[in-house]
*Asks:* 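What follows is a single structure, and I will ask about it in a moment.
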Amino acid sequence: MTSSTLHIINKAASNSQLYRDCLDSLHDDDGVIFIESAVYTACGAEPEMFSNFNITAYALKTDILARGIQDKISEKITVVDDGEFVELCCLYKKSVSWF
Amino acid sequence: MTPQIHNLLDEEGYLIDLDLWNEELMYALAKADNFELTSAHLEVIDTIREFYHEYQLSPAMRPLVKAMQNKYGTEKGKSIYLMKLFNDSPPKQAARYAGLPKPLNCL
Amino acid sequence: MVTQKKLLLIFRNPPFSSSANRDNLDIALACSAFDIPVSLLFLNDAVLQLHKNQQSHLLEQKDLTKTLNALEMYDIDQCYVIDEHLARYQLSKDDLILNCHSLAREKLASFIHDFDVVINL
Amino acid sequence: MIFSLIIYASQTASQSEQSALRFTRNALQQGHTFHRIFFYGDTVTSMSNLKITSRDEIDITDQWLELAKETDLDLVVCIAAAVKRGILDQQESKRHQKSAANLKEGFCLSGLGQLADAIIHSDRVITFGN
């Protein structure tokens, strides 16, 4: 268990202000999980914006598969299933949802 | 309770149209409860109406106590003082007589 | 006795745009009745919710700034804004209805880190 | 671990309520418990028993009820959010002198105090919103 925060974000990266606020809120060792439309952020070059931080970025498998983008997910992203999402919520001390 | 007053109230005894409130109605509401309003009660009702006017909100217990304290000093600004004064929850009973909405956040 | 948890409510919306600010404020009032220590953070556009001289009656709406003023009566005095967000709208702390603490943007992460529960509406 | 959820999302405008449901199912499967699921804001409109779900679609509201049947979930709909949007139980319908009540059976209307209580008594409070 860590004392850090899991940030849950569910909007596509075109919501730039939301992402900026989320980025400003990232503490060392925090995690970010992309769910719903945010899984598009896990594709291609988008995860770069999180690379300045010492954080782990996850994306939710069910939402990825539902959108058919499983081949496009960046290597920097850890893909987690629904059960692992629950485990992450236990592992991190609290969550902050960005929507 | 007279049928006329009853028509103005909701199930829990709060006034439906807040603009209809006047002192006469306030006394009638208390009388229907067999509750006698003294000057001490009127101070609370005044305070709660002023609170609503300023904040657009019927106060819960703590802010009501604080408002009483600001206006009448520590003697009357205590929850035990208010609880002795009313037989129901003070913020609720005072809000009913004051013709204000039911305080929010009640369980 | 359950240990006290520190709650942070994050506001993100400008006035009149949705009911989120009202809903979040109602959470603050309810939690204070349960003695949960509450802090409020007005992020970005939400600083505009604190701007003085709003005339909500022109839009036939209830005045949320009045209810924000009640926070003090509920013993909620921990309100925060980010310097940079005020500057974006050329606001100073004097333009706000509440006496807010200001935070540097770089301090935001460690600020949030200290809370036990965060609700971000 | 004891969870509570705040669901703050319109069912027609977002996927969030479904995400919350899936989260709940998985957490229950892992042996976690839920103190409360608190439906707030526009979410409450989906608890109308007048809502029609097309026969070839899945009604998420019914899914909550099914899950609750097996696991005793406390499904609380914020009373202030609900009455504002025309979702009434018998008591509120009577109180406001309306002709009908439409809160789906299995959900209960209650105040924000229930959310405060959930914050106090849960290890994790997770918001699903849109």
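So you know, we letter chains A, B, ... as the sequences are listed, proteins then strands, and number each from 1.
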*Asks:* Would a distance-only check, ignoring hydrogens and angles, find a side-chain to backbone donor-acceptor pair under 3.5 Å from C/K66 to B/H53?
*Replies:*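 Indeed, once roles are kept as given, a pair shorter than 3.5 Å links the two residues.
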*Asks:* Tell me if the CD atom of B/E12 is crowded by more than 12 foreign heavy atoms within 6.0 Å.
*Replies:*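 Yes, because the 6.0 Å sphere around CD of B/E12 holds more than 12 heavy atoms from other groups.
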*Asks:* I need the minimum non-hydrogen distance between B/L57 and C/Y74, along with the two atoms involved.
*Replies:*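 Answer, listing the atom of B/L57 first, then C/Y74: CD2-OH, 3.7 Å.
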*Asks:* More than 12 foreign heavy atoms under 6.0 Å from CD of C/E72: is that the case here?
*Replies:*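 Atom CD in C/E72 is not crowded, with 12 or fewer foreign heavy atoms closer than 6.0 Å.
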*Asks:* Is it the case that over 12 heavy atoms from other parts of the model lie below 6.0 angstrom from the NZ atom of B/K31?
*Replies:*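 Atom NZ in B/K31 is not crowded, with 12 or fewer foreign heavy atoms closer than 6.0 Å.
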*Asks:* Checking heavy atoms, do the side chain of B/E54, its backbone, both or neither come under 4.5 Å from chain C?
*Replies:*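 Contact with chain C is through the backbone of B/E54 alone.
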*Asks:* Under 3.5 Å, is there a donor-acceptor pair between the side chain of B/Q56 and the main chain of C/D63?
*Replies:*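 Yes; judged by distance alone, with no hydrogens or angles, the pair exists.
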*Asks:* Hey, is CG on C/N99 packed in by over 12 heavy atoms from elsewhere, all under 6.0 Å?
*Replies:*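 Incorrect, the count does not exceed 12.
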*Asks:* Looking at C/L59, I want to see if its CG is surrounded by more than 12 non-hydrogen atoms of other residues, nucleotides or ligands under 6.0 Å.
*Replies:*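 Correct, the count exceeds 12.
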*Asks:* Under 3.5 Å, side chain of B/R62 to main-chain N/O of C/M73, donor-acceptor pair present?
*Replies:*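 The answer is no, because no donor-acceptor pair under 3.5 Å joins these two groups.
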*Asks:* Is chain B contacted by the side chain of C/S32, its backbone, both, or neither, given a heavy-atom distance below 4.5 Å?
*Replies:*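 The answer is both parts of C/S32.
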